[in-house]
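Only a predicted model underlies this, so the values are computations on that prediction, with no experimental measurement involved. In what follows, every chain begins at residue 1, and chains take the letters A, B, ... in the order their sequences are listed.
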There are 2 protein chains.
Amino acid sequence: MRTLDHPSRGEMRLDAVLAALADPVRRTVACKLNDAFGDHACATFELPVSKSTATYHFRTLREAGVIRQEYEGTKIMNTLRKDDLDARFPGLLDAVFAAQNIERAEATAPESRD
Amino acid sequence: MRTLDHPSRGEMRLDAVLAALADPVRRTVACKLNDAFGDHACATFELPVSKSTATYHFRTLREAGVIRQEYEGTKIMNTLRKDDLDARFPGLLDAVFAAQNIERAEATAPESRD
DNA sequence: ACTCTACTACGATGAATTTCGTACTACCAA
DNA sequence: TTGGTAGTACGAAATTCATCGTAGTAGAGT
């Protein structure tokens, strides 16, 4: 059984977490994991990049501690490490997701005030 | 009188704000502005980079909307755009500063548990 | 055993970021 | 008007990042 390395809570670095979440592709992955229930294989995300680029983004998220990746047969199941992140950097993840939702709402709604 | 461009609240992009705060030098600047009262000239920060690199980081922060820069004579006074950021992306700035303080505390304190 | 699926590893490439030094500008003060 | 202060602009170099294609692997299904 293959396994993948993850940072422990204490090993999580703010630098890495912020950099991971600063990229729109990766933030999309994190947001989808937050919105959905349970695990999700990499292939289910329909990202606007190639498969090898997707691998790179998933690895970046994992190494930052944002997601957990576990093999299940040939698939990798991804979960958001919400509990760990909340324990390590309280409020950060929720604030980022809230901000993401604000921007997403603007993208569809008619621009109102600045 | 020279002036500098700033994004309005609505023009602030989450991408840019997170990228701005992901860099340790820039995050240090933002944190110091948060901790201190009033305005602060660029030169007062004692950053571990050259003057021209510092200019680059201040500009990055300003263009993301994190700080406001206003000329005052030959100096530039920097302020944290806390109200604007809080209005635009509620809770984000506070969560980042809290996280930064957690890491800073670890750096000085003896490592305890992960 | 073969094939399919879902991924990774590797190497390459182009873009963006960070860094710097030098030269410059705007303003203040003597 | 001469000089000092606090910054910018520009160009260059080094590094990192995001991207891809190709080739490969581990496990599941037939």
Only counting residues at least two apart or in another chain, list the ones meeting side chain to side chain contact (heavy atoms under 4.5 Å, CB included) with B/Ala87.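 B/Ala87: side chain to side chain contact (heavy atoms under 4.5 Å, CB included) contacts with B/Arg9.
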Just how far, in rounded Å, is [atom2] of [N] from [atom1] of [X]?
{"X": "A/Tyr71", "N": "D/dA28", "atom1": "OH", "atom2": "P", "answer": "13 Å"}
{"X": "B/Glu72", "N": "C/dC27", "atom1": "CD", "atom2": "P", "answer": "13 Å"}
{"X": "B/Arg2", "N": "D/dT5", "atom1": "CZ", "atom2": "P", "answer": "16 Å"}
{"X": "B/Arg59", "N": "D/dT8", "atom1": "CZ", "atom2": "C1'", "answer": "8 Å"}
{"X": "B/His40", "N": "D/dG7", "atom1": "NE2", "atom2": "C1'", "answer": "18 Å"}
{"X": "A/Leu4", "N": "D/dA26", "atom1": "CG", "atom2": "C1'", "answer": "12 Å"}
{"X": "B/Phe58", "N": "C/dT17", "atom1": "CZ", "atom2": "P", "answer": "19 Å"}
{"X": "B/Glu70", "N": "D/dG7", "atom1": "CD", "atom2": "C1'", "answer": "16 Å"}

Per B/Lys75 side chain, nearest of listed nucleotides C/dC7, D/dA6, D/dA26: D/dA6
Taking only side-chain nitrogens and oxygens of A/His57, does any of them come within less than 4.0 Å of OP1 or OP2 of D/dC17?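 For D/dC17, OP1/OP2 do not have a side-chain N/O of A/His57 under 4.0 Å.
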Checking side chain to side chain contact (heavy atoms under 4.5 Å, CB included) against B/Val17, which of B/Leu92, B/Val96, B/Leu93, B/Leu61 comes through? B/Leu92
Selection: residues 15-29 of chain B, any non-hydrogen atom under 4.0 Å of DNA chain C: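 B/Asp23, B/Arg26 - these, ordered by number, are the residues of the stretch whose heavy atoms sit under 4.0 Å from the strand.
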Any residue of residues 47-56 of chain B with a heavy atom less than 4.0 Å from an atom of DNA chain C: B/Val49, B/Ser50, B/Ser52, B/Thr53, B/Tyr56
Could I get the full list of side-chain hydrogen bond (donor to acceptor under 3.5 Å, both in side chains) partners for A/Gln100, not counting sequence neighbours? A/Arg27
Applying side-chain hydrogen bond (donor to acceptor under 3.5 Å, both in side chains) to A/Lys82 and not counting sequence neighbours gives A/Asp86, A/Asp94
Strictly by ring-ring contact (aromatic ring centres under 6.0 Å, His included), give each pair with a member in residues 39-64 of chain B just once, sequence neighbours left out. B/Phe45-B/Phe58
Got B/Glu11 and B/Arg88 here, is their nearest side-chain heavy-atom distance under 4.5 Å? no
Between A/Cys42 and A/Asn78, is any pair of side-chain heavy atoms under 4.5 Å apart? yes
Keeping the roles fixed (side chain from B/Glu103, backbone from A/Leu14), state whether a donor-acceptor pair exists under 3.5 Å.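 The answer is yes, because a donor-acceptor pair under 3.5 Å joins these two groups.
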Is atom CG of A/Asp5 surrounded by more than 12 heavy atoms (other residues, nucleotides or ligands) closer than 6.0 Å?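 Counting other residues, nucleotides and ligands, CG of A/Asp5 stays at 12 neighbours or fewer.
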